[in-house]
Amino acid sequence: MIFITLGSQKFQFNRLLIEIDRLAEEGKISEKLFAQIGYSDYKPKNYDYKEFLNRDEFSQIMKNCEKVITHGGTGAIVGAIKQDKKVIAIPRLKKYEEHVDDHQIEITEMFESMNLIMAIDEVGMLENAMKKIASIELQEYESNTKKIIDSIEQFIVD
């Protein structure tokens with residue numbers, strides 16, 4: 001299953017939902033799809049969706065999916081890679097009124113440079129990304145929380 005999660009920001013991400021709907025309708029995505037569409041006003045026709053999920057619903061769907069298609073939000077990306085999901089991230093863009101600025105471009109580029117996700121700039125690249133994501137080897141996520149705590153402890157001791 002592919003989980004599409006668009007976060008809870010008060011912005012639409014219709015262009016991504018429309019592209020996924022088109023790919024599903026044309027049979028270019030054959031896997032089961034489920035989307036958490038947030039504030040988007042486009043309602044998918046070819047896959048199940050819900051505007052918002054509670055914590056338990058979100059966790060269950062994330063646990064059961066194999067791939068995640070998401071916006072360029074840090075929380076969505078980290079949540080998926082922590083669970084070893086293959087992630088395709090598309091930044092929300094200001095020019096489409098999907099966010100207040102283009103900071104998600106930097107976020108997706110950073111995660112991709114670390115080989116943790118596949119990032120694409122435009123939804124028209126999604127079909128090709130879906131073909132490639134199955135065969136690429138992504139880096140496993142490693143938390144650096146312990147390293148940070150150890151550094152703080154060392155600083156306090158010294």
> Assigning hydrophobic clusters by single linkage (Ile, Leu, Val, Met, Phe, Trp, Tyr; side-chain heavy-atom cutoff under 4.5 Å), is Val68 placed with Tyr49?
no
> Return yes when atom NZ of Lys43 has more than 12 non-hydrogen atoms of other residues, nucleotides or ligands closer than 6.0 Å, and no otherwise.
yes
> Can you find a heavy atom in the side chain of Ile107 that is under 4.5 Å from one in the side chain of His103?
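Heavy-atom side-chain distance check passes, below 4.5 Å.
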> How long is the gap from CD on Glu109 to CD on Glu106, to the nearest 0.5 Å?
7.5 Å
> Say whether, by atom type as modelled, one donor and one acceptor occur between the side chain of Arg15 and the main chain of Glu98 under 3.5 angstrom.
no
> Do Asp21 side-chain atoms and Pro44 backbone N/O form a donor-acceptor pair below 3.5 Å?
no
> So does Glu19 pair up with Arg22, basic N to acidic O under 4.0 Å?
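A salt bridge is present here (some side-chain N lies under 4.0 Å from a carboxylate O).
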> Check the pair His99 / His71 against side chain to side chain contact (heavy atoms under 4.5 Å, CB included), numbers first and verdict last.
CA-CA 11 Å; His99 221 303; His71 64 116; over 6 Å; no
> Any idea which heavy atoms bring Ile120 and Pro91 closest together, and the distance?
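The answer is O-CD, 3.2 Å.
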> Tell me whether Leu53 is reachable from Met1 by hopping between hydrophobic residues (I, L, V, M, F, W, Y) whose side-chain heavy atoms are closer than 4.5 Å.
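Same cluster.
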> Do the side chains of Leu93 and Ile90 join up, straight or via other hydrophobic residues, at under 4.5 Å, putting them in one cluster?
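No, Leu93 does not connect to Ile90 through the hydrophobic network.
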> Count the heavy atoms belonging to other residues, nucleotides or ligands that lie under 6.0 Å from CD of Glu26, then report whether that count exceeds 12.
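Yes, CD of Glu26 has more than 12 neighbouring heavy atoms, counting only those of other groups under 6.0 Å.
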> Locate the shortest heavy-atom distance separating Ala89 from Ile117; write the atom from each residue and the value.
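Closest pair (atom of Ala89, atom of Ile117, distance): CB-CD1, 3.7 Å.
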> Identify the residue among Asn14, Leu17, Thr70 that makes a side chain to side chain contact (heavy atoms under 4.5 Å, CB included) with Leu6.
Leu17
> Working to the nearest 0.5 Å, report the span between NZ of Lys132 and CD1 of Ile88.
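Interatomic distance, Lys132 NZ to Ile88 CD1, rounded to 0.5 Å: 10.0 Å.
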> Starting from Phe13, can I reach Tyr47 by hopping between I/L/V/M/F/W/Y residues whose side chains sit under 4.5 Å apart?
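Hydrophobic grouping puts Tyr47 with Phe13.
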> Closer than 3.5 angstrom, by distance alone: can the side chain of Asn115 be matched with the main-chain N or O of Glu137 as a donor-acceptor pair?
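Side chain of Asn115 to backbone of Glu137, a donor-acceptor pair under 3.5 Å: yes, one is there.
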> Do you know which two heavy atoms are closest between Gln36 and Gly38, and how far apart they sit?
NE2-N, 3.3 Å
> Indicate yes or no for a side-chain donor-acceptor contact from Lys28 to the backbone of Met130 under 3.5 Å, with no hydrogens or angles considered.
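No; judged by distance alone, with no hydrogens or angles, the pair does not exist.
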> CG of Asn54 to CD of Gln60: how many Å apart, nearest 0.5 Å?
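So the CG of Asn54 and the CD of Gln60 are separated by 11.0 Å.
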> Can you tell me how far apart CD1 (Ile20) and CD1 (Ile4) are? Round to the nearest 0.5 Å.
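One gets 4.0 Å once the value is rounded to the nearest 0.5 Å.
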> Do the side chain of Asp48 and the main chain of Phe34 share a donor and acceptor less than 3.5 angstrom apart?
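Absent.
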> Using ring centroids (six-membered ring only for Trp), state whether Phe3 and Phe58 fall under 6.0 Å.
yes
> Could you pull out the closest heavy-atom pair between Tyr39 and Gln9, with the gap in Å?
CD1-O, 3.0 Å
> Does one hydrophobic cluster hold both Tyr96 and Val100, with members joined at side-chain heavy-atom distances below 4.5 Å?
no
> What pair of heavy atoms forms the shortest contact from Ala80 to Val87, and how long is it?
CB-CG2, 3.5 Å
> Let me confirm one number: the CD1-CD distance from Ile81 to Gln83, rounded to the nearest 0.5 Å.
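Here the interatomic distance stands at 11.0 Å.
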> Can any side-chain N or O of Lys85 pair as donor or acceptor with the backbone N or O of Met62 at less than 3.5 Å?
yes
> How far apart are the C-alpha atoms of Leu138 and Ile133, what are their side-chain angles, what is the distance that settles it, and do they pass the side chain to side chain contact (heavy atoms under 4.5 Å, CB included) test?
CA-CA 9 Å; Leu138 296 170; Ile133 193 79; 4.2 Å; yes
> Kindly say whether Ile2 contributes a backbone atom to a donor-acceptor pair with the side chain of Glu31 at under 3.5 angstrom?
no
> Can you establish whether the number of heavy atoms outside Glu97 located under 6.0 Å from its atom CD is more than 12?
no
> Go through the steps for Ile37 and Tyr42 under the test side chain to side chain contact (heavy atoms under 4.5 Å, CB included), then give the verdict.
CA-CA 8 Å; Ile37 66 170; Tyr42 178 80; over 6 Å; no
> Are Phe52 and Glu57 close enough, and set up right, to give a side chain to side chain contact (heavy atoms under 4.5 Å, CB included), and what steps lead you there?
CA-CA 9 Å; Phe52 296 97; Glu57 290 171 320; over 6 Å; no
> With rounding to the nearest 0.5 angstrom, report the CE to CD1 distance, Met118 to Ile69.
11.0 Å
